[in-house]
Amino acid sequence: MRDGAGGSSAAPGGAPAGRRGGGTARDGSGGVSRRALLIGGGSAAALAVAGYAARDALSRWWWRLPGNEKPRTPGAVDYRTAQWVAADGANWRRADRPDDFTIDRIVIHVIQGSYAIALKVFQDPAHGAAAHYVVRTGDGQVAQMVRELDVAYHAGNRDYNQRSIGIEHEGFVDQPEDFTGPMYAASAKLAADICERYGFPADREHIIGHHEVPGADHTDPGPHWDWERYLALVRAELNQRRES
């Protein structure tokens with residue numbers, strides 16, 4: 001979807017009293033009425049909110065001004081062992097996270113297809129969606145397709161797209177054999193690296209399934225995804241990093 005909310009799975013009345021004649025509304029004692037004060041106060045509050053929103057927008061998008069954007073290296077990856085395979089630009093939106101949008105979520109996906117199919121469709125501009133990473137079943141190979149700086153269209157919810165990183169996994173939700181040891185291990189190391197770099201905990205509030213995204217119509221990663229095993233691996237990796 002072009003608005004940035006796409007999901008990434010690869011399978012395809014009259015003048016009011018007191019205002020007559022255009023005079024200032026009054027309370028009958030020569031002073032300005034309480035109603036007028038409330039209206040005026042409301043307007044001031046609305047202007048204050050609008051001003052705050054404008055400042056917030058400027059703080060988010062300052063990087064778009066010439067000379068402010070972070071330097072980018074073609075083919076660079078955010079996760080050291082990932083292989084760069086660029087998704088088509090129609091499937092993600094340029095950003096400057098976490099400076100413009102805080103990253104505090106990982107969304108777990110299952111492709112409903114093969115690793116090769118995922119790479120192919122995320123490179124297709126007509127698909128309208130892509131995840132940041134794709135993990136292969138057999139050996140745990142990780143491909144990065146969208147920079148973490150940028151907003152990938154993977155969650156089916158604009159807010160979640162802006163605040164999350166999407167990890168796709170090769171396989172089918174109804175085939176538990178697709179969720180292999182190498183795949184769990186590789187994905188857990190990637191998730192731990194993301195949690196560590198952005199400073200959010202490895203728990204079920206911050207690492208969620210695609211089906212848990214508000215408004216999403218997907219069911220992945222499905223009933224066979226072993227959340228207990230996966231989170232244990234993520235936490236073990238984080239503990240190992242702290243101890244080393």
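We use all heavy atoms of the structure for the numbers below, so side chains are in, but hydrogens, waters and symmetry mates are not.
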Identify whether [X] and [Y] are in the same connected component of the hydrophobic contact network (ILVMFWY, side-chain heavy atoms under 4.5 Å).
X	Y	value
Trp227	Phe172	no
Ile103	Val234	yes
Leu149	Ile194	no
Ile165	Val142	yes

Answer whether the closest heavy-atom distance between the side chains of [X] and [Y] falls below 4.5 Å.
X	Y	answer
Cys195	Ile106	yes
Trp84	Arg147	yes
Ile117	Gln112	no

TODO: Report the C-alpha separation of Ile167 and Val135 in whole Å, then their side-chain angles, then the decisive distance to 0.1 Å, and conclude whether the side-chain contact (heavy atoms from CB on, under 4.5 Å) test is met.
DONE: CA-CA 7 Å; Ile167 306 178; Val135 183; 3.8 Å; yes

Task: Salt-bridge contact Arg197-Asp193 (side-chain N to carboxylate O under 4.0 Å) - done: yes

Open item on the list: Any salt bridge linking Asp100 with Arg97? Criterion: basic side-chain nitrogen under 4.0 Å from a carboxylate oxygen.
Closed with: no

Determine the interplanar angle of the [X] and [Y] rings, folded into 0 to 90°, and report it as parallel if under 30°, tilted if 30 to 60°, perpendicular if over 60°.
X	Y	value
Tyr198	Phe200	parallel
His218	His210	parallel
Tyr184	Trp225	tilted

- [ ] Please step through side chain to side chain donor-acceptor pair (under 3.5 Å) for the pair Gln175 and Asp178, ending with a clear verdict.
- [x] CA-CA 6 Å; Gln175 295 181 187; Asp178 291 340; 3.0 Å; yes

Please report the interatomic distance [atom1]([X]) to [atom2]([Y]), rounded to the nearest 0.5 Å.
X	Y	atom1	atom2	answer
Gln144	Arg80	CD	CZ	13.5 Å
Tyr115	Arg136	OH	CZ	5.0 Å
Phe101	Asp150	CZ	CG	11.0 Å
His132	Met145	NE2	CE	12.0 Å
Ser187	Ile207	OG	CD1	8.5 Å
Phe179	His224	CZ	NE2	7.5 Å

Is there a donor-acceptor pair closer than 3.5 Å between any side-chain N or O of [X] and the backbone N or O of [Y]?
X	Y	answer
Thr180	Met183	yes
Asp96	Asp99	no
Asp88	Asp124	no
Glu196	Leu238	no
Thr219	Gly222	no
Asn91	Gly128	yes

Task: Quiz item: cation-pi between Arg163 and Tyr160, 6.0 Å / 45° - done: yes

TODO: Could you please spell out the steps behind the salt bridge (charged side-chain N to carboxylate O under 4.0 Å, His left out) verdict for Arg105 and Asp159?
DONE: CA-CA 11 Å; Arg105 294 288 190 279; Asp159 177 58; over 6 Å; no

Minimum-distance pair of heavy atoms, taken over all atoms of [X] and [Y]:
X	Y	result
Ala131	Gly166	CB-O, 3.7 Å
His109	Asp220	CA-OD2, 3.1 Å
Glu212	Gly209	OE1-N, 2.6 Å
Asn161	Ala155	OD1-N, 2.8 Å
Pro214	Asn157	O-ND2, 2.9 Å
Val134	Ile111	CG1-CD1, 3.8 Å

- [ ] Begin from the C-alpha positions of Tyr230 and Ile108 and carry the test side-chain contact (heavy atoms from CB on, under 4.5 Å) through to its verdict.
- [x] CA-CA 11 Å; Tyr230 185 67; Ile108 300 297; 3.5 Å; yes

Open item on the list: If you count heavy atoms of other groups shown closer than 6.0 angstrom to CD of Glu228, is the number above 12?
Closed with: no

TODO: Decide if atom CD of Gln240 counts as having more than 12 heavy atoms of other residues, nucleotides or ligands within a radius under 6.0 Å.
DONE: no

Task: Distance-only side-chain donor-acceptor flag, His169 / Thr137, under 3.5 Å - done: no

Open item on the list: Regarding Arg242 and Asn239, do their side chains bring together a donor and an acceptor under 3.5 Å, going by distance alone?
Closed with: yes

TODO: Test Gln123 against Val85 for side-chain contact (heavy atoms from CB on, under 4.5 Å), laying out the working first.
DONE: CA-CA 9 Å; Gln123 291 177 307; Val85 183; 3.5 Å; yes

TODO: Decide side-chain contact (heavy atoms from CB on, under 4.5 Å) for Val213 and Val107; before the verdict, give the C-alpha distance in whole Å, the side-chain angles of both, and the deciding distance to 0.1 Å.
DONE: CA-CA 8 Å; Val213 174; Val107 179; 4.2 Å; yes

